[in-house]
Amino acid sequence: MRAEPAPSVSPDTASAADPRPAVSRRDFLKAGTTVGAGLTIAFYLPPAMVRRLARSPDPATLAPNGWVHIGADGVVTVTVDKSEMGQGVTTAYPMLVAEELEVDPATVRLADTPENPAAWVRRMGTGGSSSVRSSYDLLRKAGATGRLMLIAAAAGEWGVAPDACHADAGYVVHSASGRRLAYGALVAKAATLPVPSDPPLKRPEEFRVLGRRVPRRDTPLKVNGSARFGIDTRVPGMLYASIERAPAFGGTVRRVDDARARAMPGVRRVSVVDWSADESRAARAGAGVAVVADHYWQALTARRALTVDWAPGAGAPLETETLRERFAGLAQQPGVRARAVGDAAGALASAARTIEAVYEVPYLAHAPMEPMNCTAHVRPDGCDVWVSTQGQTAAQQVAAQVAGLRPEQVRVHTTYLGGGFGRRSETDFVAEAVRLSRETGAPVQVIWTREDDIRHDFYRPTTYNRFRAGLDANGVLSAWSHHIVGASISLSKHRELENGIDGSLVEGAANLPYAIPNILVEQTAVDLAIPCGYWRSVGSSHNAYVTECFFDEVAHAAAKDPYELRRGLLRDQPRHLGVLDEAAERAGWGKPLAAGRSRGIAVAEAFGSYVAEVAEISLTDDGKCRVHRVVCVVDCGPTVNPDTIEAQMQGGIVYGLSAALYGDITIDGGRVRQGNFNDYPVLRMNEMPHVEVFIRPSREKQGGIGEPGVPPIAPAVCNAILSATGSPVRRLPIVRSGKSGIAMK
Amino acid sequence: MSAFTVTVNGRAHAVDVAPDTPLLWVIRDHLDLTGTKFGCGMALCGACTVHLDGAPVRSCSVPIAAAAGKRVTTIEGLAGDVGHRLQEAWIAEEVPQCGYCQSGQIMSAAALLARTPRPTDADIDAALSGNICRCGTYQRIRRAIHRAARPEVSDAR
Ligand code: FES
Ligand code: FES
């Protein structure tokens, strides 16, 4: 679920080239009347995000883009500039405003998602578990500003001091007399008043909305089929397209025989889609042959009638097994230091006992439920794009480039997303639709098949991890050495590494939380022709697995309880310790289990949130693993909607469990072997463990919720297998070790 | 191309398509009922589940020629007591995340309750394991089905 890298680990995709001027701190907040009546509260962004600011610092042009509008009818409208992909942002943003503005969140209306990202106040993208984190203070301040201005307007009306008044459920009330005025009656006056520079926010104990379970606004539309996803876009005169893609990465079209396809019913156009011109790098789309037809089935049928002679590209020689050997060789060479504490080499040399292991993870596809698709309509003077995207700004830029237009001539219409998980932060599918619409002059909807999706993804990188740990004479863990060799997202995206480090590759490993006196984390980032991208929880998706599993191997070698060993080494990490202790207690750690059951525990921080999970599993006689129960404790700082947090933890656990048990993208002659849910299986209803989620009350810094549920589940399950069998699971997926398959209860 | 008549949600439609055109694409592209979703095209995910003469089928894998003359019910036409109880239960349990799989989940659940008004967990496993949810809403789907099946006890749970 990310469009952009976490600020802490990776560079921003667009900021370097962003021509937009910086805006000073005093411009942070603007309010005023707009063309229509009412009070609009607009924001520039906090200084840290200044580089993403709007084209013009002139508030007159910004006002119509306000975040919060209060109409003369008293109706409050909130703009949500994030994509709704199930993470609940369209419910959360109105809650943040409603809390401070003192209105019922159910009465707040949603404005359309801004359609011109170039003119919006910040880069539009949804990822990095940032929806609420990026806007928690911003939207509360918007609400508080409105509240103060409405109070000031009413106080002026009554000739009383503002602090003799308070706001309540859409009214300003004179506290002593009980006189009241509705917001709608006050907005005209309020809009003429000075904007308070730093409105005070409510204290958490005053909250009436935040931290409560508020019904999701999108739920009713999602139980009757009326929610519109990208694939549901219908534009008059629209054609459908399906693209036969180069099977091996980097392949191109040498020759195509399309005679049969062209003769088929409904076919309008067959064209080679080649991105070797300048457009290609931005969109990172692969080459192929597109069939455009009146209906989708006609396009797909004609696509199957194509005969294409492919020129092999850079990816053709790649094989999973030879990649593993290459990575293993690199792991023996020194890597780039991502973290060095003390003298790990020295401590290993003098250790009473050393433990060594190699851990490996495969490439993974995202496989969101809605296959990639985009609808575009290019005209000489502009372009409309309808798309389920995690990156509107990037989509607009790529669409403009491909259409030969300026970004502001492109309107991006955001639909609901049928899952994102990071895949929809890419723009390859946008480029394809725009190109085919430009070629045909008609609106075109490109729909990928599931096979297209699995075989032409931007994959979670494969990694090879060489671990060494040392125990001193007292059995104390004195040294930790971890060399990560992995495919690099940054290199795959043609980005410079920072001091030789791909932050995504080491996130969750370089920041190992344990108090070990000697730590060395090294990294070797490998550039391959297999496209890589952000996959729900990014580096932590593999680093939590490898580090937390190797940690349990160390505990077993030292004959220590893995929970107790963690406790001791997390003594300086209160938030880790808090979730770990509560998870252990709630799961009954150390208490007897039913026959055949075993437990495993793991803890990880990701995107500013701390999550511990305890998995309870059993192994069947034929060695298959069934996960029965997962206890999950999360500390994500202040909560907005607890029901959403619980749902995101449940969902993250299922996503991580699918990958841990089955997820495996293997490469054969530069092609992905898997293609659909038969050979890229995911968790199903009959395998669903009982998941219990507990949210720790916390006033610490706010963390994200979309991703942090994922990292601990793979190590928790594998540690339970280690506990049951004495043998570690050193390579994912678990099914490779013959410990999965499941189905019995 | 040939002409087929298919009755969807109580209305008869004549469509002129190739006989191998899946019912899914007739419903989505020709009849403009977009609540039924495409997820895999190979009867592996259940996103396209509709009822054909009352039985749940994966419409991506039913050619229009096999559906002609039959009664098709899609999520838009889900009506009656079972359908409403399910939709209310889905809302009460806040089941959907992205929501993309949910039409198919609800259609599978409706077929289950029509057959088995008081399903056990094992019944739910059997009836719903053909429906993938990548957002991982399975636990809530299970609760919602139990709630819909036993509205009188659901608040006590
Ligand atoms: S689209 Fe029919 S089962 Fe997946
Ligand atoms: S709710 Fe997203 S796939 Fe089920």
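On a predicted model such as this, the values are computed, not experimentally measured, just so you know. Residue numbers start from 1 in every chain, and the chains themselves are labelled A, B, ... in the order their sequence lines are given, proteins ahead of strands. Hydrogens, waters and symmetry mates are skipped; everything else that's a heavy atom, side chains included, is used.
- Using a 4.5 Å cut-off between heavy atoms, A/Asn373 makes no contact with chain B at all.
- Annotation: maximal heavy-atom pairing with chain A below 4.5 Å, among B/Cys40, B/Cys101, B/Ala92, B/Ser103, occurs at B/Cys40.
- Looking at A/Thr219 and B/Pro96, their side chains come closer than 4.5 Å, going by heavy atoms from C-beta outward.
- At a threshold of 4.5 Å between non-hydrogen side-chain atoms, the residues A/Glu646 and B/Arg140 count as touching.
- Looking at B/Asp20, the atoms closer than 4.5 Å to chain A (heavy atoms on both sides) sit in the backbone and in the side chain alike.
- The shortest distance between side-chain heavy atoms of A/Ile231 and B/Arg28 falls below 4.5 Å.
- Ranked by heavy-atom pairs under 4.5 Å with chain B, the first of A/Ala367, A/Gly266, A/Ser226 is A/Ala367.
- Interface residue A/His366: only backbone heavy atoms are found under 4.5 Å from chain B.
- Between chain B and the residues A/Gly419, A/Pro265, A/Ala647, A/Pro220, the largest count of heavy-atom pairs under 4.5 Å involves A/Ala647.
- Nearest heavy-atom pair, B/Gly39 versus A/Pro371, reported as atom, atom and distance to 0.1 Å: O-CG, 4.0 Å.
- When A/Arg213, A/Glu451, A/Arg450, A/Arg684 are compared by the number of non-hydrogen pairs under 4.5 Å with chain B, A/Arg684 comes out ahead.
- Contact annotation: the side chain of B/Cys135 approaches that of A/Phe421 to within less than 4.5 Å [non-hydrogen atoms, C-beta and beyond].
- Distance alone, capped at 3.5 Å, places no donor-acceptor pair between the B/Glu94 side chain and the A/Asp643 backbone.
- Atom CG of A/Leu683 sits about 10.0 Å away from atom CD1 of B/Ile132, to the nearest 0.5 Å.
- At a 4.5 Å heavy-atom cutoff, the contact between B/Trp25 and chain A is made by side-chain atoms alone.
- With rounding to the nearest 0.5 angstrom, the CZ atom of B/Phe38 is 7.5 Å from the CD1 atom of A/Ile447.
- Proximity to chain B is absent for every atom of A/Pro681, based on heavy atoms less than 4.5 angstrom apart.
- For the pair B/Ile141/A/Met685, a side-chain contact is recorded, criterion being any heavy-atom separation below 4.5 Å from C-beta on.
- To the nearest 0.5 Å, the span separating OG1 on B/Thr21 from NE2 on A/His295 amounts to 9.0 Å.
- You'll find the side chain of B/Cys133 stays beyond 4.5 Å of the side chain of A/Met369, heavy atoms only.
- If you measure heavy-atom distances from A/Ser658 to chain B, the contacts under 4.5 Å come from the side chain alone.
- Looking at A/Tyr416, neither its backbone nor its side chain comes within 4.5 Å of chain B, counting heavy atoms on both sides.
- For the pair B/Gln87 (side chain) and A/Val223 (backbone), a donor-acceptor distance under 3.5 Å is present.
- Atom CE of residue B/Met42 and atom CG of residue A/Asn678 lie 4.5 Å apart, to the nearest 0.5 angstrom.
- For the set B/Val17, B/Asn131, B/Leu128, B/Val26, the entry with the most heavy-atom pairs within less than 4.5 Å of chain A is B/Leu128.
- At distances below 3.5 Å, at least one donor-acceptor pair connects side-chain atoms of B/Gln139 with backbone N or O atoms of A/Val691.
- The closest donor-acceptor contact from the side chain of A/Asn224 to the backbone of B/Glu76 lies at 3.5 Å or more, if one exists at all.
- Checked by atom type, the side-chain pair A/Gln650/B/Thr137 shows no donor-acceptor distance below 3.5 Å.
- Heavy atoms of B/Leu24 lying under 4.5 Å from chain A are absent altogether.
- Panel note: side chain B/Arg134, backbone A/Pro368; no donor-acceptor pair is recorded below 3.5 Å.
- The shortest distance between side-chain heavy atoms of A/Ser388 and B/Tyr100 does not fall below 4.5 Å.
- Side-chain contact between A/Asp232 and B/Lys37 is present, with at least one heavy-atom pair separated by less than 4.5 Å.
- Only the backbone of A/Ala227 comes within contact range of chain B, with heavy atoms under 4.5 Å apart.
- The most heavy-atom pairs under 4.5 Å with chain A, out of B/Gly35, B/Cys98, B/Gly136, B/Ala47, come from B/Cys98.
- For the atom pair B/Gln97 CD and A/Glu84 CD, the distance stands at 10.0 Å (nearest 0.5 Å).
- More than 12 heavy atoms of other residues, nucleotides or ligands lie within 6.0 Å of CZ in B/Arg115, so this atom counts as buried by the packing criterion.
- Atom OH of A/Tyr240 is separated from atom CG of B/Asp29 by 3.5 Å, given to the nearest 0.5 angstrom.
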Intermediate values then yes/no, side-chain hydrogen bond (donor to acceptor under 3.5 Å, both in side chains), A/Arg234 and B/Thr34 = CA-CA 9 Å; A/Arg234 293 292 179 269; B/Thr34 55; 6.0 Å; no
